[in-house]
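Just so we're on the same page: letters track the sequence lines, and every chain starts at 1. Keep in mind it's a predicted model, so treat the numbers as computed, not measured.
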2 protein chains.
Amino acid sequence: MKQQFDLQNFLPFRLNRLASEMSAGLSSVYREKFGIEITEWRVIATLAHEGETTAQAIVASTRTHKSTISRAVTKLIGMGWVERSGPSQDGREKSFKLTSLGSQRMGEILPLVRAYEREVLKALGADGDGCLKTISLLEKVIFK
Amino acid sequence: MKQQFDLQNFLPFRLNRLASEMSAGLSSVYREKFGIEITEWRVIATLAHEGETTAQAIVASTRTHKSTISRAVTKLIGMGWVERSGPSQDGREKSFKLTSLGSQRMGEILPLVRAYEREVLKALGADGDGCLKTISLLEKVIFK
DNA sequence: CACTAATAGTTGCAGTTGCAACTAAATCAA
DNA sequence: TTGATTTAGTTGCAACTGCAACTATTAGTG
């Protein structure tokens, strides 16, 4: 008894499948050569952009659970890519920044990651603009 | 030392964040009321559409690892939503189908899930077509 | 000041996932 | 037929994640 529903044309499924595949493609770029996972990548990307940053700010920027961020930061500190920076006024919060090793690694990863994105955008060609516009629209709808 | 990289405008990140949020919104629809997770949802959606189906076909349709599908099917059988169907010519493969209970539950879930999708598409308004077109394009690029 | 509530971050625990190794069955080659 | 290869599905294991509970610190109230 077939019901009228086609998962293959279902928007949330298609979007999720697409994002998973893209993330998988991208993460293979930094996983193999640098031994980090997607959460670590997002943490160092945030630190590279923001400079000295609290864990809370990383949580907000990456939309990732604070326990996940906590563990990623711990791992990155263990790798020597990240260090705690001086205590802030608020004794509860901790600030972090990239070490020089972390900056160096980020400098190595960035071109690879950018090349990946460029490749996708290039394949989209003239439709790239429409794609970004669509995503902006969806963000407004979903992050209500 | 700030580097020139903005995660917030990075295509794979934005797409992934969007898809996660959408999936989370959707899954709250069936998780609470029906006690299933996203993998189970995809399995029953595939079975509802395809009828009698092998595990392998579900793997292909959902793009999910075979071990994950194996466990989801086991769980669904335990819930009485899915049953094994008669042996096929190939003794390695196993075919499954929805039970009448499974069909009934699917009939209850479908309107909720469709309503969610409709809500998103409605919010997109006239841009809905462009959105679907963009996703099709990205699929061609990513699933090379 | 004392007491309560809120916030930042960590950790134990349980659930989920992917990988690799495994079993069972089919296919292929000689 | 026999033996090697491939395919379908299952399971043990290790890694990752989210939740809830916890500590520590700050903010708010009287």
Nearest-angstrom distance from the residue atom [atom1] of [X] to [atom2] of [N]:
X      : N       : atom1 : atom2 : result
K75(B) : dT10(D) : NZ    : P     : 16 Å
I38(A) : dG18(C) : CD1   : C1'   : 15 Å
E37(B) : dG18(D) : CD    : P     : 13 Å
Q89(A) : dA27(D) : CD    : C1'   : 15 Å
R84(B) : dT10(D) : CZ    : C1'   : 12 Å
K94(A) : dT23(D) : NZ    : P     : 15 Å
I36(A) : dA15(D) : CD1   : P     : 18 Å
E93(B) : dT7(D)  : CD    : P     : 13 Å

Let's see if you can work this out: which of dC19(C), dA24(C), dC19(D) has an atom nearest to the side-chain heavy atoms of R92(B)?
dA24(C)
Taking the side chain of D90(A) as heavy atoms from C-beta outward, which of dC13(C), dT26(D), dT16(C) is closest to it?
dT26(D)
Inspect the surroundings of CD in E119(A) and state if more than 12 heavy atoms from other residues, nucleotides or ligands are less than 6.0 Å away.
no
Kindly determine whether R114(B) and E117(B) satisfy salt bridge (Lys or Arg N to Asp or Glu O under 4.0 Å), including the steps that lead there.
CA-CA 5 Å; R114(B) 280 211 177 97; E117(B) 184 189 36; over 6 Å; no
Would R17(A) count as a cation-pi partner of F143(B), with NZ or CZ less than 6.0 Å from the six-membered ring centre and within 45° of the ring normal?
no
Can you see if the side chain of T68(A) gets near the phosphate of dG18(D) - specifically, an N or O under 4.0 Å from OP1 or OP2?
yes
Taking only N and O in the side chain of K66(A), is any of them less than 4.0 Å away from OP1 or OP2 of dC19(D)?
no
For the residue pair W41(A) and F10(B), categorise the inter-ring angle as parallel (less than 30°), tilted (30 to 60°) or perpendicular (more than 60°).
perpendicular
What heavy-atom pair brings K66(A) and V59(A) nearest, and what distance separates the two atoms?
CA-CG2, 3.6 Å
Determine the contact category for T74(A): base if any of its heavy atoms lies under 4.0 Å from a base atom, sugar-phosphate if only primed atoms, P, OP1 or OP2 are that close, otherwise nothing.
nothing
Is there, by distance only and without an angle test, a donor paired with an acceptor across the side chain of R71(A) and the base of dG9(C) below 3.5 Å?
no
Any residue in residues 53-65 of chain B with a heavy atom nearer than 4.0 angstrom to DNA chain D? Just list them by number, or reply none.
T54(B), A55(B), Q56(B)
One should read off an interatomic distance between E83(B) CD and L47(B) CG, to the nearest 0.5 angstrom, of 10.5 Å
To the nearest 0.5 angstrom, please state how far the CG atom of L15(B) sits from the OG atom of S23(A).
8.0 Å
